[in-house]
Amino acid sequence: MSSPGGAVDPIPADRATHWLGRLVDVRPGEVPALAWSWAYIFSILAAYYVLRPIRDQMGVAGGIENLPWLFTGTLVGMLALNVPFAWLVKTLPRARFVPLTYRFFSANILIFAVSLYLAGPEGDVWIGRAFFIWLSIFNLFVVSVFWATIVDVFSTEQGKRLFGFIAAGATLGAIAGSATTAILARDVPTWALLVGAAVLLEAAVFSMRGLARLSERLHRRPVAGDAAPADAIGGSAFAGITRTFRSPYLLNIGLFLLLFSVTSTFLYFEQAGIAKKSFPDRGAQTAFFASVDLLVNGLTLGVQFFLTGRIVKRIGVGPSLALLPAASILGFAALAVSPTITAIVVFQVLRRAGNFAIARPIREVLFTVVPREDRYKAKNFIDTVVYRTGDQLGAWSFAGIAALGLGSTAVAVTAVPLSIAWLVNSLWLGRRQEARQRTGEARGDGERALPSG
């Protein structure tokens, strides 16, 4: 069809780029990869949020006093799973080890489904505890593998523009999964919900393969020595650990996540304590937590759609990363002065939305300038083991402060200098990322990686 001036109307792909361009700075040829990325992360987060309420209920049924030990079990499980995953990365190409990873977790889900179907009341508690630990590992692991794949497909420049918008697919998947469980949980048996989550993981594998078919079209030239996406990465099964501790850049990414995790745990316990005092009724407490989640998801989605790419384009990677620790400094200072329910809600909503919408996608940009081996091995180690180590440090530090007879004000005061160190770390990472990107461009490596050390 022609327009009145005789010009031919844009093809559908061009129209998709035009309309999508109103939300995100997407370029011609990137729309199919963006769509597959959305389907990929939507499926993963929908599967997780179908399972998450089941995990929380099982955790409570197993005894709240046992939760610290369940978190410790999670950290041990993370350590145990990292080495075999690194061996898969070393031995198999991406097109094989990513589907194998997701299908391993799918098989676990089906085993839990059969166990719940067959188990009697006495067996449910122990199955629940095992499921709690397993899902806490699953959550970080499958999301880390997703972002490693995305970082391996998109360049640094594309990541700054698109990662925030891709993260919106995660938010929508979380909303869809939560809503599904909320609607069906009363009428559908738990084992059937687990089967549905396994099906969603298979949809993630299908989407990952669709994205992989487009990766060569998006890729710039890799750095010398890097394996091609169709080849096995090679290296050592312990490289994720050794290369992290040998590289100041990777070590500081780990420090960024460690400080985030510690302060998040502080805030989690602060919120739980204030909610318990403010809402003595358990139903009111549940409604309060649900309201906070709703506010977080709504604000996150708006920022991911309209602001994340524009923010990093305007102020750069380092200042964008520093927004979250800067907000944490102000938030914890406010809690130290006035630990009220209003202060905790405002702080928690802004901080969690800031993490999901800005800090998380921009943190992934940091990995676009490291070798492929580090994008899978070191990144997975940092995203799982280092993150759960931060949980442990935060939980036991909070318990230690409480054992000394100090209140929530002392916890908030302790978090302020940690957040200041976190802010300095963020700015350093931003400068190093930009320096590595410039050096890669000068060498003609197409915005790809420099040696981690």
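Sequence positions, counted from 1, serve as the residue numbers for this chain.
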Subject >> Residues, nucleotides or ligands: over 12 heavy atoms within 6.0 Å of W428 CH2 >> reply: yes
Original post:
Do N108 and W134 have a side chain donor and acceptor closer than 3.5 Å?
Top reply: yes
Original post:
Checking R363 against F256: charged group under 6.0 Å from the ring centre and within 45 degrees of the axis?
Top reply: no
Original post:
What do you reckon, are the aromatic ring centroids of Y376 and F97 less than 6.0 Å apart?
Top reply: yes
Original post:
S261 and D391: side-chain donor and acceptor closer than 3.5 Å?
Top reply: yes
Subject >> Main-chain N/O of V370 paired with R375 side-chain donor or acceptor, under 3.5 Å >> reply: yes
**OP:** Kindly indicate whether the side chain of Q437, heavy atoms from C-beta on, has any atom under 4.5 Å from the side chain of K160.
**Re:** yes
**OP:** Mark yes when over 12 heavy atoms from residues, nucleotides or ligands other than R96 sit less than 6.0 Å from its CZ; otherwise mark no.
**Re:** no
**OP:** Indicate the ring-plane relationship of F85 and F141, choosing parallel, tilted or perpendicular according to the 30° and 60° boundaries.
**Re:** perpendicular
**OP:** Any chance you could measure K377, atom NZ, to T244, atom OG1, to the nearest 0.5 Å?
**Re:** 11.5 Å
Original post:
Are S264 and R351 linked by a side-chain donor-acceptor pair shorter than 3.5 Å?
Top reply: yes
Original post:
F206 vs W36 aromatic rings, parallel, tilted or perpendicular, using cut-offs 30° and 60°?
Top reply: perpendicular
